[in-house]
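Each remark here refers to the structure printed beneath this line.
First listed ligand is number 1; within each ligand, the first listed atom is number 1.
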Amino acid sequence: MASFEASSRDEGEGSNQTSLKTVRESLIRQEDSIVFSLIERARHPYNAAAYDNSSLKSSGCSLAEIFVREAEHLHAKAGRYDNPEEVPFFSEDLPLPLLPPYNYPQVLHPVAASVNITKTIWNMYFNELLPILTTKGDDGNYASTLALDLACLQALSRRIHYGKYVAEVKFRDAPMDYSSAIHDKDREALMRMLTFERVEEMVKQRVAKKAMVFGQQVTLEEDNWSGDTLNYKVDPTLVSRLYSDWIIPLTKVVEVEYLLRRLD
Ligand SMILES: O=C(O)C(=O)C[C@]1(C(=O)O)C=C[C@@H](O)C=C1
């Protein structure tokens, strides 16, 4: 992608450069899904009843949990989790796909399946993000709200766990450097090696810009296109903060966890 600014460590020649470029292009595309899904969820107020564990006395869990569990059940039948990029929140007892499996390319080391931070993503989404993304109140549209939550959770899980792919191409690019930190189980060294601050800065700026572009009120009157009078559907600084406080740090946690097991 032309807008991608290479940092000094990925200016080398060869296919690894292409691979890092390719996985970053996927991260850029995934930004669109994340920003759109947040804008859609923000149309509804918080709708607390959907998240309250005591609302459904018989089940002891929230409507949100039941919704995601049952949706994942259905998605598993349609083969969603055959794709190693997709990580379910409730992986126990998922049914097998109904169609014969598609042959997804095996890019990752088999240990990738054991790297799973869905609990952290779940808690971050419901405890930290939703309360600041939405307005207080209840409009009763629990089914629509939860369908939108599911879209947000899936987009976030996919993006954050995509750190496995980013880590894999970085490892292939510099196996000797990474191997020594992996043997030493040196998390800090790994974190330092995989961090590109300039890239992170660009990601944060780009997602804020996407929130401005995707979240405009589009009308046919010329005046409404002027930047400062716009009322965005989701605060662009919130989207940027979501990336800087949670999405990027959690992607890096996935990268480190994957690398630590990469030589098993
Ligand atoms: O692009 C990379 O190299 C990544 O590892 C992804 C990512 C991100 O989450 O956006 C994470 C760590 C880097 O510091 C830069 C960006």
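- Residue F196 has at least one nitrogen or oxygen atom sitting less than 3.5 Å from a nitrogen or oxygen atom of ligand 1, judged on distance alone.
- Atoms of ligand 1 found under 4.0 Å from any heavy atom of L194, numbered from 1 in the order shown, are 12 (C), 13 (C), 14 (O).
- Judged by distance alone, the side chains of Y102 and N83 never bring a donor and an acceptor atom under 3.5 Å apart.
- In this structure, K21 does not count as a contact residue of ligand 1, since none of its heavy atoms falls inside 4.0 Å of the ligand.
- Only the side chain of R159 comes within contact range of ligand 1, with a heavy atom under 4.0 Å; no backbone atom does.
- Taking every heavy atom of T251 and a limit of under 4.0 angstrom, the matching atoms of ligand 1 come to 9 (O).
- With ligand atoms numbered from 1 in the order given, ligand 1 contributes 12 (C), 13 (C), 14 (O), 15 (C), 16 (C) to contacts under 4.0 Å with heavy atoms of E200.
- The parts of I248 lying near ligand 1 are both backbone and side chain, judged by heavy-atom distances below 4.0 Å.
- Every atom of ligand 1 is numbered from 1 in the order shown, and the set under 4.0 Å from a heavy atom of R24 is 1 (O), 2 (C), 3 (O).
- With 3.5 Å as the limit, one finds a donor-acceptor pair spanning the side chains of D139 and N47.
- Atom OG of S180 is separated from atom CE of M193 by 7.0 Å, given to the nearest 0.5 angstrom.
- The residue from E168, E257, E255 that alone fulfils the salt bridge (Lys or Arg N to Asp or Glu O under 4.0 Å) condition with R262 is E168.
- Atoms of ligand 1 found under 4.0 Å from any heavy atom of K252 (numbered from 1 in listed order, with element): 11 (C), 12 (C).
- Residues Q154 and H75 meet the side-chain proximity criterion, which asks for heavy atoms closer than 4.5 Å.
- Contact between K170 and ligand 1 is present, with at least one heavy atom of the residue lying under 4.0 Å from the ligand.
- With rounding to the nearest 0.5 angstrom, the CD1 atom of I34 is 13.0 Å from the CZ atom of R29.
- Expressed to the nearest 0.5 Å, how far CD1 of I248 lies from CZ of F196 amounts to 13.0 Å.
- Of all atoms in ligand 1, listed by their number and element, those nearer than 4.0 Å to a heavy atom of E255 are 4 (C), 5 (O), 6 (C), 11 (C).
- Contact annotation: for V23 versus ligand 1, there are no heavy atoms closer than 4.0 Å.
- Ring centroid separation for the pair Y51 and Y46 comes in under the 6.0 Å cut-off.
- Residue-ligand proximity, T195 to ligand 1, at heavy-atom distances under 4.0 Å covers atoms 14 (O).
- For the pair R172/V107, a side-chain contact is recorded, criterion being any heavy-atom separation below 4.5 Å from C-beta on.
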